[in-house]
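Shown next, in structure tokens, is the structure this report addresses.
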Amino acid sequence: MNTILVTGATGFLGGAVTVNLLKKRENNRLLLLVRGDSPSEGLTRLQGNLAKFGVDASLLNTLTAENILIGDLAEPERFTDDARLDAVTHVMNCAAVASFGTNPYIWKVNVEGTFQFARRMSLVSGLKRFIHVGTAMSCAPEANTLVTESELNTLRDQHIVEYTWSKATVEKMMTESLPNLPLVIARPSIVVGHSDHGCTPSPSIFWVFRMALTLGKFMCELEDRIDVVPVDYCADALELLLTAENVDKSIIHISAGLHSSVTFAEIDKAMAKASGQIPVAETYQKVNYRELAESKKSFSSLFGPCNERIVLRAMNLYGHFSKLNVVFSNDKLLELGMPPSSKFTDYLHRCVTSTKDATIAELMEVDFK
Ligand SMILES: NC(=O)c1ccc[n+]([C@@H]2O[C@H](COP(=O)([O-])OP(=O)(O)OC[C@H]3O[C@@H](n4cnc5c(N)ncnc54)[C@H](OP(=O)(O)O)[C@@H]3O)[C@@H](O)[C@H]2O)c1
């Protein structure tokens, strides 16, 4: 019987992987690090998140307050002396401040708190695996390339946002300073929606595509490729990595790769089909920041009520990522027996349906916490 500690289970990736583990409860004891004032409050919030993945109430109700470890990675010293940690055999570390904004906790949580937590877990004698969920973007990839998993030696200047820099930093610290940690670094590419439930679990990043195509302008070429995977694929891959053999100390992308990545032109077609509109390809314009800024005054009429300055800033940040035109190699993951992911365009219609009643401003909140 394994005892699996999951962090970030109230979030998108952590929620999806917890759903998988919950379904295999007979082999696993679950301990879930959740922020909150009490285990019962944490449990209620967790169950609310897992319900968004279509889990039956009967399965959700198998979780009790005993599965909850109340703790905040901004203050790890307040939970790291909990004796239950000593019985943990596997860690799935999905918690992070995953924000493209300027959240003041990015460094404190993603670097300092995460490192202290990992150091504590490196002292657990029965620990077999510590999966740290990084991000494929933490290597600050060179534009127009097929990116393979690389060691981390990036500089702050190479990162578009503080978030990816924080993720790169903690990976390096754990790798270099915790030799006893049975570390596997899983680096998902861009996780958008769920194959069956669309954006019900989270609209993270989906709004960017909708925004760019509604405007008919963005910073990428329509022929640029983007590496997107659904959250359930990501969860299946993380589950596989939990027990896969011969992966200790490795870095592994969870990505669409060359086979399943798609172009913006393909996304345009799929989005138009799902929304009953015509593709914007004929009139689409690749623009720079200054040209985007000239459209600022039209944002509210196009996207619904929004702060046009904040939307412009978001477009600029995501625009930089969109024009990278990178694909993350998935060879290592496939070699472990994972099938290729579906394409974003295969389930995009479910993302459209599940977000049709929300404005861009409402959808983007999740990425600027
Ligand atoms: N989404 C993507 O496209 C993507 C791509 C590549 C990598 N990743 C990585 O995947 C991981 C999860 O991302 P996500 O998209 O699932 O983010 P998310 O939905 O925002 O979930 C973040 C989780 O971390 C928890 N958390 C945040 N601050 C915490 C703290 N101080 N102490 C304890 N828990 C804390 C949150 O708990 P609360 O509910 O209490 O806020 C939530 O459960 C991150 O490491 C991210 O870097 C994501």
Side-chain angles (χ1 to χ4, degrees), residues 5-19 32-37 41-50 52-53 68-80 92-101 103-114 116-118 131-139 141 161-171 174 185-194 199 201-209 226-235 237-238 251-256 318 321 328 344 365-369:
L5 168 59
V6 183
T7 73
T10 52
F12 188 32
L13 270 61
V17 82
T18 303
V19 167
L32 307 158
L33 181 80
V34 178
R35 290 195 284 184
D37 290 332
E41 185 209 310
L43 176 64
T44 304
R45 207 158 65 79
L46 171 75
Q47 287 171 323
N49 185 49
L50 302 187
K52 294 188 217 158
F53 294 84
I68 307 295
L69 168 60
I70 288 295
D72 187 329
L73 284 167
E75 301 174 304
E77 60 288 350
R78 294 186 63 177
F79 73 86
T80 46
M92 182 70 80
N93 186 33
C94 302
V97 180
S99 172
F100 273 23
N103 185 318
Y105 284 94
I106 288 177
W107 201 261
K108 196 169 181 47
V109 171
N110 295 0
V111 181
E112 294 166 7
T114 298
Q116 272 190 58
F117 166 60
I131 297 193
H132 174 73
V133 179
T135 161
M137 290 293 176
S138 65
C139 68
V161 289
E162 177 81 352
Y163 155 70
T164 57
W165 169 233
S166 71
K167 301 288 290 181
T169 303
V170 77
E171 280 188 20
M174 288 193 292
I185 297 174
R187 285 194 193 152
S189 53
I190 301 172
V191 185
V192 182
H194 186 289
C199 289
S202 170
S204 177
I205 305 177
F206 180 70
W207 55 272
V208 181
F209 301 101
I226 185 147
D227 193 311
V228 171
V229 290
V231 72
D232 42 310
Y233 180 80
C234 189
L238 287 170
I251 303 177
I252 300 177
H253 286 154
I254 299 176
S255 57
Y318 283 91
F321 284 105
F328 297 97
F344 180 35
E365 261 175 40
V366 69
D367 290 314
F368 288 90
K369 294 180 287 277

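All ligand and atom numbering here is 1-based and tracks the order in the structure. Along the sequence shown, the residues carry numbers beginning at 1.
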Within-cut-off N or O pair, [X] and ligand 1, under 3.5 Å:
{"X": "Gly11", "value": "yes"}
{"X": "Leu33", "value": "no"}
{"X": "Thr135", "value": "no"}
{"X": "Leu13", "value": "yes"}
{"X": "Ala95", "value": "no"}
{"X": "Ser204", "value": "no"}
{"X": "Val191", "value": "yes"}

Which is closest to atom 46 (C) of ligand 1 in terms of heavy atoms, Phe12, Tyr105, Phe79, Tyr163?
->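 Nearest heavy atom to atom 46 (C) of ligand 1 lies in Tyr163.
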Would you tell me which option among Pro76, Ser166, Cys94, Gly42 has the nearest heavy-atom contact to atom 44 (C) of ligand 1?
->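 Nearest option to atom 44 (C) of ligand 1, by heavy atoms: Cys94.
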If I take atom [atom1] from residue [X] and atom [atom2] from residue [Y], how far apart are they, to the nearest 0.5 angstrom?
{"X": "Thr135", "Y": "Glu171", "atom1": "OG1", "atom2": "CD", "answer": "8.5 Å"}
{"X": "His253", "Y": "Asp227", "atom1": "NE2", "atom2": "CG", "answer": "8.5 Å"}
{"X": "Met92", "Y": "Ile131", "atom1": "CE", "atom2": "CD1", "answer": "4.0 Å"}

Would you please determine whether [X] falls within less than 4.0 Å of ligand 1 on a heavy-atom basis?
{"X": "Arg45", "result": "yes"}
{"X": "Gly134", "result": "yes"}
{"X": "Ala136", "result": "no"}
{"X": "Thr7", "result": "no"}
{"X": "Ser202", "result": "no"}

For the residue pair [X] and [Y], establish whether any side-chain heavy-atom pair is separated by less than 4.5 Å.
{"X": "Met137", "Y": "Ile190", "result": "yes"}
{"X": "Phe79", "Y": "Leu73", "result": "yes"}
{"X": "Ile251", "Y": "Arg187", "result": "yes"}
{"X": "Arg45", "Y": "Val34", "result": "yes"}

Please write down residue, atom name and distance for the protein heavy atom closest to [atom].
{"atom": "atom 20 (O) of ligand 1", "result": "Lys369 NZ, 2.8 Å"}
{"atom": "atom 32 (N) of ligand 1", "result": "Leu73 N, 2.7 Å"}
{"atom": "atom 22 (C) of ligand 1", "result": "Ala96 O, 3.5 Å"}
{"atom": "atom 23 (C) of ligand 1", "result": "Gly8 CA, 3.7 Å"}
{"atom": "atom 45 (O) of ligand 1", "result": "Lys167 NZ, 2.5 Å"}
{"atom": "atom 13 (O) of ligand 1", "result": "Ala98 CB, 4.0 Å"}
{"atom": "atom 41 (O) of ligand 1", "result": "Arg35 NH2, 2.7 Å"}

Closer than 4.0 Å to some heavy atom of [X] - which atoms of ligand 1 meet that?
{"X": "Ser189", "result": "5 (C), 6 (C)"}
{"X": "Ile205", "result": "3 (O)"}
{"X": "Asp72", "result": "30 (C), 31 (N), 32 (N)"}
{"X": "Thr10", "result": "36 (C), 37 (O), 38 (P), 39 (O), 40 (O), 42 (C), 43 (O)"}
{"X": "Ala74", "result": "31 (N)"}
{"X": "Val133", "result": "9 (C), 10 (O), 11 (C), 45 (O)"}

Strictly distance-based, threshold 3.5 Å: is any side-chain N or O of [X] a donor or acceptor partner for the main-chain N or O of [Y]?
{"X": "Lys167", "Y": "Val133", "result": "yes"}
{"X": "Asn110", "Y": "Ala96", "result": "no"}
{"X": "Arg35", "Y": "Thr10", "result": "no"}
{"X": "Asp367", "Y": "Ser204", "result": "no"}

Could you report the tightest heavy-atom contact between [X] and [Y], atom names first, then the distance?
{"X": "Asn103", "Y": "Tyr105", "value": "OD1-N, 2.7 Å"}
{"X": "Ile106", "Y": "Gly101", "value": "CD1-O, 3.7 Å"}
{"X": "Trp107", "Y": "Ser166", "value": "CZ3-CA, 3.8 Å"}

His194: ring pair (Phe, Tyr, Trp, His ring centres under 6.0 Å) partners, not counting sequence neighbours =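 His194: ring pair (Phe, Tyr, Trp, His ring centres under 6.0 Å) contacts with His197.
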Thr7 side chain to Asn93 side chain, donor-acceptor N/O pair below 3.5 angstrom |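 A pair is found: one side chain offers a donor N or O, the other an acceptor, under 3.5 Å apart.
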